[in-house]
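For reference, the structure is listed below as structure tokens.
For the numbers below, each heavy atom of this structure counts, side chains included, while hydrogens, waters and symmetry mates do not. Residue indices begin at 1 and follow the sequence shown.
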Amino acid sequence: MMGMDGLHMGKPSIFHMCLMSLYVQCNKIFFVHMRGGFMKAERAYIVILSILCMLCGCGNQVKETENSPVSESVTQPTLNENGREEIYLSTIFLNVTMQEIVSDYNRQSDRYEIVPLEFNRESTAEDQRTRVQLELTGGGGPDILADTALQNGDMRPYAQAGVLLDVTDFLAEQGGFVKNVVEANEVEGRIYGIPYSFSLQTMVTSPAMATERESWTPEYCMRAAQDAGVTAFVGAPYGWTSEQSGLYVLNVLGVGISGIQLYVDEEQGISSFEQPEFIALLEFAKKYSDPEPRASRKGKYASGEIFCVTTEIGNFDSFRYCDELFDGEPVYMGYPSPQGARNMIRADSLYINAASPHVEGALDFIEYLLEEEQQRKTVLGVGNFPVKQELLKSMWTEVKEETSGGLAYEIDDIRFDARPMTDEEEQVFWEMLESPLYDQWQNDIWDIVEEEAQPFFCGDKPAGEVARAIDNRVQLYLDERKK
């Protein structure tokens, strides 16, 4: 039998045939509901597969597949020619820095060897993520998974289906993590992923537009932008059209940002998108969309022509870039919410297969990855910030004393020189960690808003009609979730 990844899997079992049939049917259902309004969640797909495995009582048959190192990794400890257990790490791509760290670990370990399983080019990344998903729900799969090996980069449905190891106690024993970073992988009070680097996403504005953090609400931002007479609310990401930039305004004002839902009561299952406030937000987003997303924005933020910019604080140079963008006076406000300013934490993490017999080895590698030397390699080679508090504090001290040899950098058309970081910038950084949101790739409600609102921004439908269509679809989605 030819598997979805192109590997010969031997004679098909009843279990395999059930899984393949269910895979096809679920994908048909998922596609229909994506377009028809019900938006079946990916987590339901994983749970269904898990239930099927338990009902069949044959989940271990997945482990019997031939020529599949992913499946072999969970059947028994595999010793290579050097007498070491092989631990499989699934990722879409292993960058040069991580390749070096894996090689260094393998040289120094006398018990374990990490074997990277990068996605191949013979099938799509989505198909290969589905294959890994099927193996996990059948009791097989790789020992360690990177974010990129998960559907939508979202660990929550995997944790809820019970296929990821609970690492709460392990992280507590490790200790010393940067505040609020490990919580990025929290589900119902337990942690299911180990972060090894992180970045922040925030909204930056000028002093004339800023206010107290607790007052930084969508209503304040809209009113301040209108009073200031700006031509655009937020600079759209490069490559977006002017029509799409209106959707981006909706997104940053709380319709699609993770953890902020202004027009939905998910606990009660009530949609309120048809109310006048949302219609006014649609009109605002269209009026203050970025008219020239591809044009240079140099000088437009500092002058107040554009109200704000969203940016990723992925390294220390991000502060230097914003400093140049706002003529030395950037104000890092965060995303507006009803509770005030919030900043998003995006944690790069690794996850351990709950069914793996190599848990000890997987944790040993992750402990190695969290050591200072490897943390520094990760930061220098990949970017982002280290997850250990004392190391990050030490690095802040270092960058406040060094200038990186007087180098100059350019991002987009903004040129800035390397310079020592300031105490004020460090204080801003730690403050951003105090009011976190967590990155969420999959947001079903935003997907509905994005699809239904496009005709409005293209001038094909009025705001009231679009708001009504969004409200109806979101309510159907919420009703489905109650069942």
Side-chain angles (χ1 to χ4, degrees), residues 201-211 215-257 260 262-263 277-313 318 321-337 341-344 410-416 446 449-450 452-463 466-467:
Q201 290 182 311
T202 191
M203 183 185 287
V204 189
T205 191
S206 64
M209 308 295 183
T211 185
S215 302
W216 189 249
T217 64
E219 293 77 17
Y220 168 84
C221 290
M222 292 167 64
R223 185 173 62 253
Q226 290 170 322
D227 292 346
V230 300
T231 59
F233 179 76
V234 61
Y238 180 79
W240 286 45
T241 65
S242 58
E243 291 82 8
Q244 290 173 321
S245 71
L247 289 169
Y248 196 61
V249 175
L250 288 182
N251 187 280
V252 301
L253 282 175
V255 177
I257 290 296
I260 303 176
L262 301 183
Y263 303 100
E277 289 82 359
F278 179 67
I279 296 174
L281 177 55
L282 280 171
E283 299 282 6
F284 175 89
K286 186 174 184 177
K287 181 177 181 180
Y288 293 101
S289 61
D290 189 347
E292 299 178 293
R294 298 178 184 273
S296 171
R297 301 184 183 115
K298 191 172 184 177
K300 294 184 179 180
Y301 295 109
S303 67
E305 187 175 340
I306 301 178
F307 183 79
C308 63
V309 65
T310 59
T311 190
E312 180 177 25
I313 306 298
S318 302
Y321 167 74
C322 291
D323 193 53
E324 186 68 24
L325 201 61
F326 285 88
D327 286 348
E329 294 186 295
V331 183
Y332 299 87
M333 287 304 306
Y335 292 101
S337 82
R342 309 285 297 276
N343 296 282
M344 188 178 296
E410 186 169 325
I411 300 177
D412 297 331
D413 59 344
I414 306 299
R415 182 181 175 84
F416 56 94
W446 168 249
V449 173
E450 182 180 29
E452 294 291 344
Q454 289 188 46
F456 167 71
F457 290 108
C458 292
D460 298 330
K461 290 183 179 180
V466 165

- How long is the span from the CD atom in Q226 to the CE atom in M222, to the nearest 0.5 Å? 6.0 Å

- Taking C-beta and beyond as the side chain, do Y301 and T205 meet within less than 4.5 Å on heavy atoms? no

- Task: Go through the steps to decide whether L325 and V309 satisfy the test side-chain contact (heavy atoms from CB on, under 4.5 Å), and finish with yes or no.
- Result: CA-CA 10 Å; L325 201 61; V309 65; 4.0 Å; yes

- Task: Carefully, step by step, assess T310 and Y248 under the rule side-chain hydrogen bond (donor to acceptor under 3.5 Å, both in side chains).
- Result: CA-CA 10 Å; T310 59; Y248 196 61; 2.5 Å; yes

- Query: Which residues pass the ring pair (Phe, Tyr, Trp, His ring centres under 6.0 Å) test with F233, sequence neighbours left out?
  - Reply: F284, F307

- Message: Between T231 and Y288, is there a side-chain donor-acceptor contact under 3.5 Å, judged purely by atom types and distance?
- Response: no

- Task: Check for a donor-acceptor pair, side chain of K286 on one end and backbone N or O of F456 on the other, with a separation under 3.5 Å.
- Result: yes

- Under 3.5 Å, is there a donor-acceptor pair between the side chain of N343 and the main chain of T202? no

- Step by step, would you call T311 with C322 a side-chain contact (heavy atoms from CB on, under 4.5 Å)? CA-CA 9 Å; T311 190; C322 291; 3.8 Å; yes

- Straight-line distance of L247 CG to F457 CZ, nearest 0.5 Å: 5.0 Å

- On a heavy-atom basis, the closest approach of P291 and A232 is CD-CB, 4.1 Å

- Query: Considering all heavy atoms of both residues, which atom of L253 and which atom of P218 are nearest to each other, and what is their separation?
  - Reply: O-CG, 3.5 Å

- Message: Within the 4.5 Å heavy-atom criterion, are L262 and F278 side-chain neighbours or not?
- Response: no

- Note on the structure: In terms of heavy-atom contacts, V252 and P336 come closest through O-CD, 3.5 Å

- Query: Does W216 use its side chain to pair, donor to acceptor, with the backbone of G334 at less than 3.5 Å?
  - Reply: yes

- Item | Atom pair CZ/OG of F326 and S206 - distance to nearest 0.5 Å | 6.5 Å

- Query: What closest approach, in Å, do E452 and V466 show between heavy atoms, and which atom pair accounts for it?
  - Reply: O-CG1, 3.5 Å

- Query: Looking at Y263 and E277, what are the two nearest heavy atoms and their distance?
  - Reply: OH-O, 3.8 Å

- Measure from the side-chain N and O atoms of S303 to the backbone N and O of G299, and report whether any donor-acceptor pair falls under 3.5 Å. yes

- For the residue pair V449 and L250, establish whether any side-chain heavy-atom pair is separated by less than 4.5 Å. yes

- Query: Roughly how far, to the nearest 0.5 Å, is the CE atom of M333 from the CZ atom of R342?
  - Reply: 13.5 Å

- Message: Quick check: closest heavy atoms across G304 and V230, and the distance to 0.1 Å?
- Response: O-CG1, 3.2 Å

- Query: Is a donor on one side and an acceptor on the other found under 3.5 Å between the side chain of S245 and the backbone of D290?
  - Reply: yes

- Task: Could you check M344 against M203 for side-chain contact (heavy atoms from CB on, under 4.5 Å), going step by step and ending with a plain yes or no?
- Result: CA-CA 10 Å; M344 188 178 296; M203 183 185 287; over 6 Å; no

- Under 3.5 Å donor-acceptor, Q244 side chain and T241 backbone: yes

- Message: For the SG atom of C458 and the CD atom of E243, what is their distance to the nearest 0.5 Å?
- Response: 5.0 Å

